[in-house]
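I have placed the structure first, in the form of structure tokens, so that the comments after it can refer back to it.
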Amino acid sequence: MTSIRLLASICILSTLVLADCECGYSITTDSDNKRYVFTDILESDFVHLDITDDSEKYGQYGWARQDFNMTSEVARGPYGESYTPQNVVSNTIADGEVFEGSGSKGGDAGLNLVVRSEIQDDMVTGADVSTTDTHYFHGTFRAGIKATDVPGTCSAFFWYMNDTQEIDIEFLSWEFNKNNNTFPVNLVLQSQESREAGFDASKTDDFKTINLPFDPTEAFHEYRIDFLPDRVLFYADAKLLTEMNGTGVPSTAGNLQVSHWSNGNDGWSRGPPKSDATTTISYVKAYFNSSLESRQTDFATRCTNPSAPKAVCAIPDNNATFFFSNSDNMTPNQTAYHENSSGRSMQWWSSLFAAALATSLWMDT
């Protein structure tokens, strides 16, 4: 009787190995054609996801609007910086099949990050949104961004642990020049070396300014950070911009952030802007190795045959409408981009084990 019960349970639980991507998500580097596989996923489609709904619990979707101030001394500018939840606006589209156009509040759909022109208490008010977890270790991190064209702000997509372990993609809107097609993006590793240079990374080898072949204020483009064990690669629309290695490469896990700010520093953001400025984020996709032991255990449990078909899924490049979490046969216990998918994944695990338990109990009677 016990063997029959065990066999029934195994039959039910065996469906766990049939899901796609249960052994991870892969990229292949351009420079040396090397394959990397990452175990975990966070996909956030801000065109359809409202993270500003106060009825939801804090960090419901893995992100939280930040609320803090920095004095001018700390911000290293003539003005301080104030980050307020009110400057983070979820401007969504109701139709889940539509991924571009105007949102419900007018203007570009997505997560609007606003820098205000009005100075309050000697501070410029801006916006910052951060993942609520800090277990994002090596991985590939991508964001769809349309930068503001209002001079005097800094728009940023970055991985962060502390001021000496940070990977930045930053746009300084004052640098954009439509007349001569100059559209720089600043790629930075903040490190101990940059700290010793007064937090001026331009005095280190881990700072590059690359002129983009397009206007980043006219449309959304995908900007990407590949944080690997020995180097960091930066991309725009799947084209490699530069590669950095050495001591500036972070050695620990951190979180992801998108921000938009100004403090009047003539050497960086300049400003403040003369009118309210908005940078919009359409999505963030993270495929990464978690530093959490619980997540590592989950991966080891579900990945039983890495060589099986579809056990490892290649990550599509520069595809704004593709989300693994929209697929029907995805591996469970991953962080999806909307409530229904996230809930379905978590319930899928529990329902299978509940079914196995019910079968076991039934066979005992």
Side-chain angles (χ1 to χ4, degrees), residues 27 36 38-44 58-59 61-70 74-76 81 83 88 113 126-143 145 154-171 185-208 223-235 242-261 263 268 281 284-296 299 335:
I27 63 169
Y36 292 84
F38 306 112
T39 61
D40 282 80
I41 181 175
L42 169 71
E43 292 183 327
S44 303
Y58 178 83
Y61 302 105
W63 295 89
R65 296 173 292 169
Q66 300 302 297
D67 189 357
F68 65 95
N69 295 333
M70 297 171 63
V74 173
R76 298 187 291 273
E81 300 169 21
Y83 295 89
V88 179
L113 307 179
D128 183 276
V129 179
S130 170
T131 57
T132 51
D133 291 316
T134 59
H135 64 115
Y136 298 85
F137 206 2
H138 301 129
T140 178
F141 310 115
R142 302 144 187 241
I145 303 173
C154 175
S155 303
F157 169 50
F158 58 109
W159 175 100
Y160 180 84
M161 183 57 204
N162 56 45
D163 288 345
T164 61
Q165 302 237 28
E166 182 176 347
I167 306 170
D168 294 329
I169 296 178
E170 297 190 337
F171 303 90
V185 60
N186 298 281
L187 312 172
V188 187
L189 300 185
Q190 295 287 0
S191 62
Q192 182 62 36
E193 186 180 0
S194 65
R195 180 178 183 175
E196 293 169 356
F199 291 102
D200 185 355
S202 65
K203 296 178 180 178
T204 74
D205 292 333
D206 296 324
F207 178 95
K208 296 285 179 63
Y223 303 94
R224 169 179 154 194
I225 296 168
D226 285 356
F227 171 23
L228 305 177
D230 59 346
R231 53 188 164 151
V232 175
L233 290 75
F234 296 90
Y235 293 81
T242 194
E243 180 176 324
M244 299 180 188
N245 51 42
T247 58
V249 177
S251 58
T252 186
N255 71 3
L256 298 175
Q257 297 186 42
V258 288
S259 69
H260 192 198
W261 57 274
N263 60 19
W268 200 246
I281 314 298
V284 173
K285 303 176 183 180
Y287 310 94
F288 64 100
N289 294 330
S290 174
S291 63
L292 296 178
E293 184 177 351
S294 60
R295 298 300 304 160
Q296 295 167 9
F299 175 74
T335 307

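- Classification of the F288-Y136 ring pair by plane angle, with boundaries at 30° and 60°, yields tilted.
- Within the 4.5 Å cutoff, the side chain of L187 has no heavy atoms near those of the Y223 side chain.
- Counting all heavy atoms, side chain and backbone alike, S191 lies closest to G248 at CB-CA, 3.9 Å.
- Closest of all the heavy-atom pairs between V258 and F157 is CG1-CD1, 3.8 Å.
- Partners of Y235 under the side chain to side chain donor-acceptor pair (under 3.5 Å) rule, at least two apart in sequence or in another chain, do not exist in this structure.
- The line from CZ of R224 to CZ of R142 is 4.0 Å long, rounded to the nearest 0.5 Å.
- Expressed to the nearest 0.5 Å, how far CE of M161 lies from OG of S251 amounts to 10.0 Å.
- When side chains are defined from C-beta on, F207 counts as touching N186, because their heavy atoms get closer than 4.5 Å.
- Taking CG of N162 as the start and OG1 of T252 as the end, the distance is 8.5 Å to the nearest 0.5 Å.
- The closest side-chain donor-acceptor pair between D226 and T140 falls under 3.5 angstrom.
- Put simply, the side chain of V232 reaches to within 4.5 Å of the side chain of V249, judged on heavy atoms.
- Here the side chain of Q165 pairs no donor or acceptor atom with the backbone of D163 at under 3.5 angstrom.
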Open item on the list: I'd like to know whether F227 forms a ring pair (Phe, Tyr, Trp, His ring centres under 6.0 Å) with W159, so could you lay out the CA-CA distance, the side-chain angles of the two residues, the decisive distance to 0.1 Å, and finally the verdict.
Closed with: CA-CA 9 Å; F227 171 23; W159 175 100; 5.1 Å; yes

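- In this structure the side chain of D168 reaches within 4.5 angstrom of the side chain of Q190, judged on heavy atoms.
- No side-chain heavy atom of N263 sits less than 4.5 Å from a side-chain heavy atom of M70.
- Note that OG of S130 and CZ of F68 are 9.0 Å apart. Values are rounded to the nearest 0.5 Å.
- Shown here is R231, whose CZ atom has more than 12 heavy atoms of other residues, nucleotides or ligands within 6.0 Å.
- Nearest approach of E81 to A75, heavy atoms of both residues: OE2-CB, 3.4 Å.
- The two residues S290 and Q296 make their nearest non-hydrogen contact at O-NE2, 3.0 Å.
- Judged by distance alone, with hydrogens and angles left aside, the side-chain atoms of H260 form a donor-acceptor pair with the main-chain N or O of L113 at under 3.5 Å.
- D133 and T131 share no side-chain donor-acceptor pair at under 3.5 Å.
- D206 is not listed as a side-chain neighbour of S194, based on a closest heavy-atom distance of 4.5 Å or more.
- In D205, the CG atom is not crowded: 12 or fewer heavy atoms of neighbouring residues, nucleotides or ligands sit closer than 6.0 Å.
- Minimum interatomic distance between W268 and C154 (heavy atoms only, all atoms of both residues): NE1-SG, 3.7 Å.
- For the pair I225/F234, a side-chain contact is recorded, criterion being any heavy-atom separation below 4.5 Å from C-beta on.
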Open item on the list: Between F38 and Y287, does the ring pair (Phe, Tyr, Trp, His ring centres under 6.0 Å) criterion hold? Intermediate values first, please.
Closed with: CA-CA 6 Å; F38 306 112; Y287 310 94; 8.3 Å; no

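- Interatomic distance, CG of L228 versus CE of M244, reported as 13.5 Å (0.5 Å rounding).
- Considering CD1 of I145 and CD1 of I281, their distance stands at 4.5 Å, rounded to 0.5 Å.
- At least one side-chain heavy atom of E243 sits under 4.5 Å from a side-chain heavy atom of L233.
- Taking all atoms of both residues into account, the shortest heavy-atom contact from D40 to R295 is OD2-NH2, 2.5 Å.
- Ring geometry for Y160 versus F158: interplanar angle over 60°, hence perpendicular rather than tilted (30 to 60°).
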